[in-house]
J.: 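Below you'll find the structure I mean.
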Amino acid sequence: MLRAFFLPLTITLAMHAVVLALLFWGLPGSSEQLRARPLPQFVQAKLVVLEPKAPPKPQLAPKPAPEPKPEPKVEPKPDPKKLEREAAEAKKREAERQRKEAERKRQEAERKKEAERKKEAERKEAERKRQVEERRRLEQQQQQELQRALAQEEAALQAATDAETASSYSAVIQQAVARQWSRPPSARNEMVVELQIRMLPTGEVVSVQVVASSGNLAFDRSAEQAVKKASPIAEIKDLSRSNPRVFEQYFRSFRMRFSPEDLRR
């Protein structure tokens with residue numbers, strides 16, 4: 001720490017010595033006559049060690065001066081006429097706002113009622129269409145049931161008529177076959193043979209086949225021969241022309257039970 005103070009102190013003393021010498025001898029080159037200069041006196045310097053100063057004590061900041069209290073403002077007295085105008089304008093604005101709000105609510109209520117009326121009209125129209133469709137469906141169903149009933153009745157009536165017609169022609173075929181039958185010696189009472197016969201619309205017999213034998217071969221063959229000899233049957237030809245439906249249903253292919261009534265015991 002002494003070294004830190006020694007160098008500045010030496011420089012300071014040297015500068016003081018130079019200043020004193022200049023003052024004593026003067027500047028060189030001066031026009032004045034040189035005066036006899038006394039011998040310089042040597043100055044003895046003494047090294048003084050300076051103790052470090054203590055840091056200065058922090059000074060307390062001065063207390064701020066109290067702010068002056070603001071003077072109370074004196075409010076100007078309101079103008080009664082101005083207040084009346086402002087109140088009237090505010091009342092007018094409020095009335096206008098209420099009028100607009102009431103108009104908005106009225107329009108909203110009208111729109112709601114219109115929507116409800118439209119919805120109700122659509123519901124009624126849908127209900128009307130549903131009822132019309134239901135009536136139409138019921139009428140169609142009743143018409144179809146009536147047509148089916150009429151068709152069934154007509155079919156039953158036609159079937160009865162066709163059966164009656166077929167029965168009469170079956171008797172004609174039985175008589176024609178009986179006329180052509182030759183009784184074999186072994187034939188007995190109660191013998192019955194069932195034949196499968198196929199015919200053409202011309203009344204011709206295409207084929208005869210025994211499907212249920214009587215138990216007597218001679219009797220079965222005599223029945224087959226009688227059917228073949230009876231062909232063609234003119235009445236069947238007439239039937240196929242006048243009523244082809246009966247021919248196709250009853251005589252195109254049919255079975256006949258052959259049991260002549262004139263057999264001996």
Side-chain angles (χ1 to χ4, degrees), residues 126-265:
E127 180 65 19
R128 186 189 66 80
K129 290 182 178 179
R130 187 191 66 79
Q131 292 178 358
V132 170
E133 182 65 22
E134 183 68 16
R135 286 196 299 268
R136 187 184 64 82
R137 187 183 63 80
L138 290 175
E139 290 176 357
Q140 288 182 351
Q141 184 177 358
Q142 292 174 357
Q143 186 67 21
Q144 291 174 357
E145 290 178 355
L146 179 60
Q147 290 177 356
R148 283 196 296 268
L150 291 175
Q152 291 175 359
E153 184 178 356
E154 184 179 357
L157 182 60
Q158 188 64 50
T161 303
D162 292 346
E164 185 178 356
T165 303
S167 178
S168 62
Y169 279 89
S170 295
V172 171
I173 295 174
Q174 288 278 359
Q175 293 173 5
V177 174
R179 286 194 298 266
Q180 300 297 328
W181 178 67
S182 296
R183 184 182 63 240
S186 59
R188 294 290 182 270
N189 193 24
E190 302 296 334
M191 286 186 177
V192 178
V193 60
E194 188 172 349
L195 304 173
Q196 182 71 34
I197 303 172
R198 294 180 64 250
M199 300 182 68
L200 296 177
T202 58
E204 296 179 4
V205 176
V206 178
S207 64
V208 181
Q209 184 179 0
V210 176
V211 294
S213 176
S214 64
N216 188 300
L217 184 58
F219 179 74
D220 294 345
R221 288 181 177 178
S222 67
E224 289 180 334
Q225 292 298 322
V227 172
K228 291 178 181 180
K229 289 178 181 180
S231 177
I233 301 174
E235 291 82 359
I236 297 300
K237 182 178 180 180
D238 296 336
L239 174 64
S240 64
R241 290 177 179 177
S242 61
N243 197 338
R245 182 182 62 257
V246 175
F247 170 79
E248 293 293 337
Q249 183 177 359
Y250 291 96
F251 300 109
R252 171 70 73 174
S253 179
F254 65 99
R255 289 188 179 187
M256 186 182 71
R257 290 170 60 86
F258 186 75
S259 179
E261 297 177 355
D262 60 342
L263 291 178
R264 292 183 307 174
R265 293 184 180 273

J.: Please answer whether the main-chain N or O of Val210 pairs with a side-chain N or O of Asp220 as donor and acceptor at a distance below 3.5 Å.
T.: no
J.: May I have the step-by-step check of side chain to side chain contact (heavy atoms under 4.5 Å, CB included) for Ile236 and Phe247, ending in yes or no?
T.: CA-CA 8 Å; Ile236 297 300; Phe247 170 79; 3.7 Å; yes
J.: Once you round to the nearest 0.5 Å, how far does CH2 of Trp181 lie from CZ of Phe219?
T.: 5.5 Å
J.: Are a donor atom and an acceptor atom from the side chains of Glu127 and Gln131 found within less than 3.5 Å of each other?
T.: yes
J.: Using only atom types and a distance under 3.5 Å, with no angle test, would you say the side chain of Ser222 pairs donor to acceptor with the backbone of Arg183?
T.: no
J.: When you compare the side chain of Tyr169 with that of Phe251, does any pair of heavy atoms fall below 4.5 Å?
T.: yes
J.: Could you tell me the separation between the CD atom of Gln141 and the CG atom of Leu146, rounded to the nearest 0.5 Å?
T.: 12.5 Å
J.: Is there a side chain to side chain contact (heavy atoms under 4.5 Å, CB included) between Glu224 and Leu195? Walk through the geometry before answering.
T.: CA-CA 8 Å; Glu224 289 180 334; Leu195 304 173; 4.2 Å; yes
J.: Look up atom CD in Gln225 and atom CD in Gln180, then write down how far apart they are to the nearest 0.5 Å.
T.: 11.0 Å
J.: Hey, does Pro232 have a side-chain heavy atom less than 4.5 Å from the side chain of Thr202?
T.: no
J.: With a 4.5 Å heavy-atom cut-off, do Asn243 and Asp162 have their side chains touching?
T.: yes
J.: Report yes if the side chains of Val208 and Lys228 come closer than 4.5 Å at any heavy-atom pair, otherwise no.
T.: yes
J.: Tell me, do Arg198 and Phe254 make a side-chain contact under 4.5 Å, heavy atoms counted?
T.: no
J.: Is a side-chain donor or acceptor of Asn216 paired with a backbone partner of Ser186 at a separation under 3.5 angstrom?
T.: yes
J.: Look only at the side chain of Ser240 and the backbone of Pro201, and say whether a donor-acceptor pair between them is shorter than 3.5 Å.
T.: yes
J.: Do Ile197 and Arg255 have side chains that approach each other closer than 4.5 Å (heavy atoms only, starting at C-beta)?
T.: no
J.: Under a 4.0 Å threshold between the charged nitrogen and the carboxylate oxygen, would Arg130 count as salt-bridged to Glu133?
T.: no
J.: If you define the side chain from C-beta out and look only at heavy atoms, does anything of Ile173 sit under 4.5 Å from Glu235?
T.: no
J.: Determine whether a donor-acceptor pair (N or O, by modelled atom type, separation under 3.5 Å) exists between the side chain of Ser167 and the backbone of Ala163.
T.: no
J.: Closest approach of Val205 and Val227, non-hydrogen atoms and distance?
T.: CG2-O, 4.0 Å
J.: Could you tell me if the side chain of Met256 sits less than 4.5 Å from the side chain of Val177, heavy atoms only?
T.: yes
J.: Is there a donor-acceptor contact under 3.5 Å linking the side chains of Ser253 and Gln196?
T.: yes
J.: Would you say the side-chain atoms of Gln174 pair up with the backbone N or O of Arg257, donor to acceptor, closer than 3.5 Å?
T.: yes
J.: Roughly how far apart are Met199 CE and Ser231 OG, rounded to 0.5 Å?
T.: 6.5 Å
J.: Can a donor-acceptor pair be found, under 3.5 Å and without considering hydrogens, that links the side chain of Ser214 to the backbone of Val193?
T.: no
J.: Rounded to the nearest 0.5 Å, what separates atom OH in Tyr250 from atom CZ in Arg245?
T.: 9.5 Å
J.: Is it true that Arg137 and Glu134 make a salt bridge, defined as a side-chain N closer than 4.0 Å to a carboxylate O?
T.: yes
J.: To the nearest 0.5 angstrom, please state how far the CD atom of Gln152 sits from the CG atom of Leu157.
T.: 13.5 Å
